[in-house]
J.: 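Okay, handing you the structure first.
Ligands are counted one by one from 1 in listed order, and the atoms in each one are counted from 1 as well. Any value given below was found using the heavy atoms of this structure, including those in side chains, with hydrogens, waters and symmetry copies removed. Index from 1, following the sequence.
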Amino acid sequence: MDCIFCKIANGQIPSSKVYEDDKILAFHDINPEAKIHVLVIPKCHIQSVGELTEENSSIVAYIFEKIPAIATKAGITNGYRVITNCGPDACQSVLHLHFHILGGEQLPEHIR
Ligand code: AMP
Ligand code: ZN
């Protein structure tokens, strides 16, 4: 499958890794939108939140269990925002489920 995040997950494309285990990978966003901007992905291909089901959704809880330690490891000390974009109206550009962790500075109060 021609999915850039699958290729990052299996090492075909290099990334600046923050955390990795058998199920998930966290790496620095190539085009950061905050002082610290990390992406967390499942290694299995799920297109977006829109493709979550009873069968595959446990990976989301697993990712969120790991996010506090990933944020700390990335150097975030004073809070962060977790975002996921789903589909065209949300400007999802990579069709492999990912969670943005944004922090390292004061973020704007409102996003839309
Ligand atoms: P989204 O717009 O929510 O789909 O987010 C996709 C994110 O992936 C963007 O913030 C991109 O900067 C980031 N991105 C795309 N390619 C790479 C890459 N090779 N390494 C790291 N981040 C990437
Ligand atoms: Zn993929």
J.: Can you tell me if Asp2 has over 12 outside heavy atoms packed within less than 6.0 Å of its CG?
T.: no

J.: Which atoms from ligand 1 have a heavy atom of Phe5 less than 4.0 Å away?
T.: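 Near Phe5, the atoms of ligand 1 are 8 (O).
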
J.: Using a 4.0 Å cut-off to any heavy atom of His28, which atoms of ligand 1 qualify?
T.: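 By the 4.0 Å cutoff, the relevant atoms are 21 (C).
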
J.: Of the listed options (Leu97, Leu102, Ile30), which comes nearest to atom 23 (C) of ligand 1 when hydrogens are ignored and any heavy atom counts?
T.: Ile30

J.: Can you tell me which portion of Phe99 lies within the under-4.0 Å heavy-atom range of ligand 1? Options are side chain, backbone, both, or neither.
T.: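 Contact part for Phe99 vs ligand 1: neither.
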
J.: Would you say the ring centers of His100 and His98 fall short of 6.0 Å from each other?
T.: yes

J.: Show the nearest heavy-atom pair for residues Val18 and His28, with the distance to one decimal.
T.: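 Smallest interatomic distance, heavy atoms only, reads CG2-NE2, 3.4 Å.
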
J.: Decide whether an N or O pair under 3.5 Å exists between Asn85 and ligand 1.
T.: yes

J.: Taking the cut-offs as 6.0 angstrom to the six-membered ring centre and 45 degrees off its axis, would you call Lys66 and Tyr19 a cation-pi pair?
T.: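 Judged by the rule (NZ or CZ under 6.0 Å from the ring centre, within 45° of its axis), Lys66 is not positioned above Tyr19.
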
J.: Rounded to the nearest 0.5 Å, how far does CD1 of Ile83 lie from NE2 of His37?
T.: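 It comes to 7.5 Å.
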
J.: Quick check: closest heavy atoms across Cys86 and Ser48, and the distance to 0.1 Å?
T.: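 Closest approach of Cys86 to Ser48: SG-OG, 3.5 Å.
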
J.: Report the part of Leu39 (side chain from C-beta onward, or backbone N, CA, C, O) that has a heavy atom under 4.0 Å from ligand 1; answer both or neither where that applies.
T.: side chain

J.: Please work out whether any backbone atom (N, CA, C, O) or any side-chain heavy atom from C-beta onward of Ile13 is under 4.0 Å from ligand 1, and answer side chain, backbone, both or neither.
T.: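 None of Ile13 does.
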
J.: If I apply the N/O under 3.5 Å rule, does His98 come out as touching ligand 1?
T.: yes

J.: Which heavy-atom pair separates Leu107 from Leu102 by the least distance, and what is that distance?
T.: CD1-O, 3.6 Å

J.: Is there a heavy atom of Leu95 sitting under 4.0 angstrom from any atom of ligand 1?
T.: no

J.: Mark yes when over 12 heavy atoms from residues, nucleotides or ligands other than Asn78 sit less than 6.0 Å from its CG; otherwise mark no.
T.: no

J.: Pick one of side chain, backbone, both or neither for how Cys91 approaches ligand 1, counting any non-hydrogen atom pair under 4.0 Å.
T.: backbone

J.: Taking all non-hydrogen atoms of both residues into account, name the closest pair between Tyr80 and Pro68 and its distance.
T.: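 Minimum heavy-atom contact is OH-CA, 3.7 Å.
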
J.: At a 4.0 Å cut-off, with the gap strictly under it, does some heavy atom of Glu33 reach an atom of ligand 1?
T.: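 Checking ligand 1 against Glu33, which is what was asked, there is no heavy-atom contact under 4.0 Å.
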
J.: Does ligand 1 come near enough to Ser93 that some N or O of the ligand is less than 3.5 Å from an N or O of the residue?
T.: yes

J.: Could you see which bit of Ile8 sits under 4.0 Å from ligand 1, with heavy atoms only: side chain, backbone, both or neither?
T.: side chain

J.: Under 4.0 Å from a heavy atom of Phe27: give me the atoms of ligand 1 that qualify, with their elements.
T.: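 Near Phe27, the atoms of ligand 1 are 21 (C), 22 (N).
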
J.: Tell me whether the count of non-hydrogen atoms from other residues, nucleotides or ligands lying under 6.0 Å of CD in Gln106 goes above 12.
T.: no

J.: What protein heavy atom is closest to atom 7 (C) of ligand 1, reported as residue, atom name and distance in Å?
T.: Asp29 OD2, 3.5 Å

J.: Test His96 against every option in Lys7, Lys43, His45 by the side-chain hydrogen bond (donor to acceptor under 3.5 Å, both in side chains) rule and name the one that passes.
T.: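 So the option named by the test is His45.
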
J.: Step through the shown structure and confirm whether more than 12 heavy atoms of other residues, nucleotides or ligands are within 6.0 Å of CG on Asp89.
T.: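 Count not over threshold, so no.
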
J.: Nearest protein heavy atom to atom 16 (N) of ligand 1, by residue and atom, and its distance?
T.: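 For atom 16 (N) of ligand 1, the nearest protein heavy atom comes out as Ile4 CD1, 3.8 Å.
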
J.: Hey, which atoms in ligand 1 end up nearer than 4.0 Å to a heavy atom of Asn31?
T.: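 Matching atoms, with element in brackets: 12 (O).
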
J.: Quick check on contacts: which atoms of ligand 1 are under 4.0 angstrom from a heavy atom of Gln92?
T.: 4 (O)

J.: Where the side chain of Asn56 meets the backbone of Glu51, is there a donor-acceptor pair that is under 3.5 Å apart?
T.: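 Pair found, side chain donor or acceptor close to backbone of Glu51.
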
J.: Restricting to non-hydrogen atoms, name the atom on Leu97 and the atom on Pro42 that form the minimum distance, rounded to 0.1 Å.
T.: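 Reported closest heavy-atom pair: O-CD, 3.2 Å.
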
J.: What's within reach of the Zn ion (ligand 2), meaning protein N/O/S atoms under 2.8 Å?
T.: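 Result, waters dropped: Cys3 SG, Cys6 SG, His45 ND1, His96 ND1.
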
